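Let me begin by presenting the structure, written as structure tokens, before commenting on it.
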Amino acid sequence: MKKFKFTLQALFDYKVTVEKMQKSELKKAQQALQELLNEEMRLLQAYADNERSLERALAENLNVGRALSEHDAFFRFLRDALKAIRERVLAAEEVVRACQERLITTMKEIKTYNKLRDEQLVRYRKEVQAEETKEIEDLVSFNVINE
């Protein structure tokens, strides 16, 4: 009896390998995005801390001019850093989105190959059943003729 062999097995195996690589790539992209988001949160926290520090200095009326100039420089630095990190976050989000789209496409292809394999298996089973039925009929008719 012949053994079932999916005709597109090599392509199916390749797509499964590609899927694993794409999942790994997506995970790395998501980690990079999370690190950028964490950095953005740290900058926002530093901005808020600097704001509170300025408010305390102003409330205490201690050398207001010096406090304003020091905090102003730090605010400008933080604003520039936040702008840069937000641009990097947007780029990282685009990378994640592209990875997700590629992975979805690959997963759809794998699902299609699974359906094709199932259809081929059904046809194979019908062929095997037909062959077995024919062999049984041949045996029965051979036995009837010999009797």
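Note that the structure is predicted; figures quoted are calculated from it, not measured.
With a 6.0 Å radius and a threshold of 12 heavy atoms from other residues, nucleotides or ligands, R88 has its CZ atom at or below the threshold. Within a 6.0 Å radius of CZ in F77, other residues, nucleotides and ligands contribute 12 heavy atoms or fewer. Around the CZ atom of R125, the shell of radius 6.0 Å holds no more than 12 heavy atoms that belong to other residues, nucleotides or ligands.
Across E101, K111, Q22, a single residue satisfies side chain to side chain contact (heavy atoms under 4.5 Å, CB included) together with T106, and that is Q22.
Taking 4.5 Å as the limit, every side-chain heavy atom of Q129 sits out of range of all side-chain heavy atoms of K134.
Residues passing the side-chain hydrogen bond (donor to acceptor under 3.5 Å, both in side chains) test with E51: none are found, sequence neighbours excluded.
We find the CG-CD distance between L26 and E19 to be 11.5 Å, quoted to the nearest 0.5 Å. The CZ atom of F4 lies 8.0 Å from the CD atom of Q9; values are rounded to the nearest 0.5 Å. With values rounded to the nearest 0.5 angstrom, N114 atom CG is found 11.5 Å from L121 atom CG. Atom CZ of R42 sits about 10.5 Å away from atom CG of L37, to the nearest 0.5 Å. To the nearest 0.5 Å, atoms CG (L116) and OG1 (T7) are separated by 8.0 Å. Rounded to the nearest 0.5 angstrom, E40 CD and R86 CZ are separated by 5.0 Å.
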Using the side chain to side chain contact (heavy atoms under 4.5 Å, CB included) rule, take L8 and R117 through it: C-alpha gap first, then chi angles, then the decisive distance, then the call. CA-CA 8 Å; L8 299 174; R117 182 177 55 203; over 6 Å; no
The test is side chain to side chain contact (heavy atoms under 4.5 Å, CB included); show your working for K83 and R79 and say whether it passes. CA-CA 6 Å; K83 183 179 177 185; R79 266 195 312 271; over 6 Å; no
Step by step, would you call R76 with D72 a salt bridge (charged side-chain N to carboxylate O under 4.0 Å, His left out)? CA-CA 6 Å; R76 275 188 264 130; D72 184 54; 2.6 Å; yes
Working for side chain to side chain contact (heavy atoms under 4.5 Å, CB included), residues R56 and R52: CA-CA 6 Å; R56 279 193 306 273; R52 284 191 294 278; 4.0 Å; yes
Evaluate salt bridge (charged side-chain N to carboxylate O under 4.0 Å, His left out) for K28 paired with E25, printing each intermediate quantity in order. CA-CA 5 Å; K28 287 177 185 175; E25 184 181 326; over 6 Å; no
Q45/D49 under side chain to side chain contact (heavy atoms under 4.5 Å, CB included): CA gap, chis, key distance, verdict: CA-CA 6 Å; Q45 184 61 44; D49 291 345; 2.9 Å; yes
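Side chain of E93 to backbone of L33: no donor-acceptor contact under 3.5 angstrom is found. A donor-acceptor contact shorter than 3.5 Å is absent between the side chain of S24 and the backbone of K20.
Follow the hydrophobic side-chain contacts under 4.5 Å out from L90 and you never reach V96; the two are in separate clusters. Each of L36 and V95 belongs to its own hydrophobic cluster when Ile, Leu, Val, Met, Phe, Trp and Tyr are linked at side-chain heavy-atom distances under 4.5 angstrom. Residues V16 and I104 do not share a hydrophobic cluster, clusters being chains of Ile/Leu/Val/Met/Phe/Trp/Tyr side chains in contact below 4.5 Å. The hydrophobic cluster containing I85 also contains L78, counting ILVMFWY residues as joined when their side-chain heavy atoms lie under 4.5 angstrom apart, directly or transitively.
Ring pair F12/Y113 is perpendicular by interplanar angle, where above 60° counts as perpendicular and below 30° as parallel.
When all heavy atoms of K15 and I110 are compared, the pair lying nearest together is O-CD1, 3.6 Å.
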